[in-house]
Amino acid sequence: MRTLSLFFQWFIGVPLLNSALMLGGCDSRDPGLNSHSSFNIEQATAQYMENSHFIKDIVGVDALVNRTFCAYQVYGMEAKKQDIHQYLWVVCHEYDVEDNQLFQKRGGSFPVALILNKNSQGYRIVNHKIPRQGKEGTSDLKSIFPDFILENSSFPLNNSAYSEYLITRLGNDTQQAAKAYLKME
């Protein structure tokens with residue numbers, strides 16, 4: 001089973017298909033969004049994570065964009081000046097097919113903060129922040145994520161049992177998305 005060590009070992013793969021997404025309920029700090037805004041943010045999140053720039057930034061230049069799938073859990077949102085920050089836990093896996101069998105090449109599990117701006121069409125994601133690997137990651141966590149996220153008892157860094165469950169559930173979602181995309185049973 002994967003453990004929290006994946007957070008510090010991210011050998012990640014990323015693109016997202018809308019069907020690979022799992023958007024959980026926000027646990028706190030609703031920045032006053034109505035249901036239309038929330039739907040628009042969900043769409044923006046799905047589109048942004050499919051973006052090759054995001055994938056290559058997370059995985060590296062060798063990322064197979066059309067073979068990497070992600071699923072996520074939203075832990076909260078908050079308004080900061082003109083922006084909205086959305087805090088997620090993301091699981092991404094890159095898949096390949098050999099002898100008609102799907103297999104996972106690489107993957108990872110990590111926290112992500114997305115920064116959204118509102119424009120005339122709704123919200124669009126303008127940036128993302130992910131903690132660095134190793135010792136630097138600990139200080140990055142504190143600068144990227146607010147206390148209400150870092151202290152959430154179901155945030156994967158705080159609860160190893162829930163972390164294993166969440167990573168497994170989201171990993172299963174990435175596998176199902178890969179099978180659907182590759183037209184496999």
Side-chain angles (χ1 to χ4, degrees), residues 2-10 12 14-16 18 20-51 53-55 57-59 69-93 107-118 122-134 136-171 173-174:
R2 289 183 183 78
T3 64
L4 292 178
S5 65
L6 279 176
F7 169 73
F8 294 107
Q9 297 176 357
W10 32 62
I12 303 167
V14 184
L16 251 162
N18 290 336
L21 292 175
M22 167 107 189
L23 183 61
C26 296
D27 287 345
S28 50
R29 307 264 165 109
D30 180 356
L33 302 173
N34 61 35
S35 62
H36 177 70
S37 296
S38 295
F39 180 74
N40 182 254
I41 289 171
E42 183 178 343
Q43 287 180 315
T45 301
Q47 290 171 354
Y48 187 78
M49 289 190 188
E50 290 175 348
N51 181 297
H53 167 73
F54 176 77
I55 294 164
D57 187 36
I58 301 299
V59 182
F69 303 87
C70 293
Y72 64 87
Q73 173 74 40
V74 176
Y75 276 89
M77 289 190 288
E78 69 178 339
K80 286 188 172 185
K81 298 181 184 175
Q82 302 292 351
D83 299 330
I84 291 188
H85 289 224
Q86 181 182 41
Y87 306 105
L88 314 167
W89 193 272
V90 179
V91 171
C92 298
H93 293 127
S109 172
F110 49 95
V112 175
L114 300 177
I115 295 87
L116 297 98
N117 288 128
K118 187 169 184 168
Y123 289 92
R124 77 177 185 89
I125 297 169
V126 296
N127 200 5
H128 63 271
K129 295 181 182 180
I130 299 171
R132 291 173 288 181
Q133 299 179 40
E136 297 89 3
T138 303
S139 62
D140 288 350
L141 277 170
K142 293 178 182 175
S143 67
I144 296 171
F145 298 90
D147 289 341
F148 78 92
I149 297 296
L150 295 175
E151 294 169 0
N152 183 322
S153 63
S154 67
F155 193 61
L157 296 177
N158 300 330
N159 185 329
S160 61
Y162 183 73
S163 173
E164 287 184 30
Y165 161 76
L166 181 66
I167 290 168
T168 299
R169 179 174 59 88
L170 295 176
D173 290 346
T174 67

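The shown structure was predicted, so the numbers you read here are calculated from the model rather than taken from an experiment.
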Taking all atoms of both residues into account, what is the closest heavy-atom pair of L166 and Y75, and its distance? CD2-OH, 3.4 Å

Working to the nearest 0.5 Å, report the span between OG1 of T45 and CD of Q47. 9.5 Å

Any donor-acceptor pair under 3.5 Å from N158 side chain to L150 backbone: yes

For the residue pair F69 and D173, establish whether any side-chain heavy-atom pair is separated by less than 4.5 Å. no

CD/E164 to OG/S109 distance, rounded to the nearest 0.5 angstrom? 11.0 Å

What are the two closest non-hydrogen atoms of P156 and W89, and how far apart are they? CG-CD2, 3.5 Å

N117 meets the side chain to side chain donor-acceptor pair (under 3.5 Å) criterion, sequence neighbours left out, with D83

Short question: side chain of S163, backbone of N159 - any donor-acceptor pair under 3.5 Å? no

Could you grab the distance from atom CD1 of I167 to atom OG1 of T174, nearest 0.5 Å is fine? 11.5 Å

Straight-line distance of L114 CG to R124 CZ, nearest 0.5 Å: 13.0 Å

I need the D140 CG to K129 NZ distance, nearest 0.5 Å. 10.0 Å

Hey, does F145 have a side-chain heavy atom less than 4.5 Å from the side chain of P131? yes

Any side-chain to backbone donor/acceptor pair from Y123 onto Q43? Under 3.5 Å, distance only. no

Would you say the side chain of L157 lies within less than 4.5 Å of the side chain of L141, judging by non-hydrogen atoms? yes

Interatomic distance, SG@C70 vs CZ@F110, rounded to 0.5 Å, equals 5.5 Å

Report yes if some heavy atom in the side chain of M77 is under 4.5 Å from a heavy atom in the side chain of L116; otherwise report no. no

Going by ring-ring contact (aromatic ring centres under 6.0 Å, His included), name the residues that satisfy it together with H128, two or more places apart in sequence or in a different chain. Y48, F54

For H93 and G171, which heavy atoms make the closest approach, and how far apart are they? CE1-CA, 3.6 Å

How about E136: does its CD atom have over 12 heavy atoms from other parts shown lying under 6.0 Å from it? yes

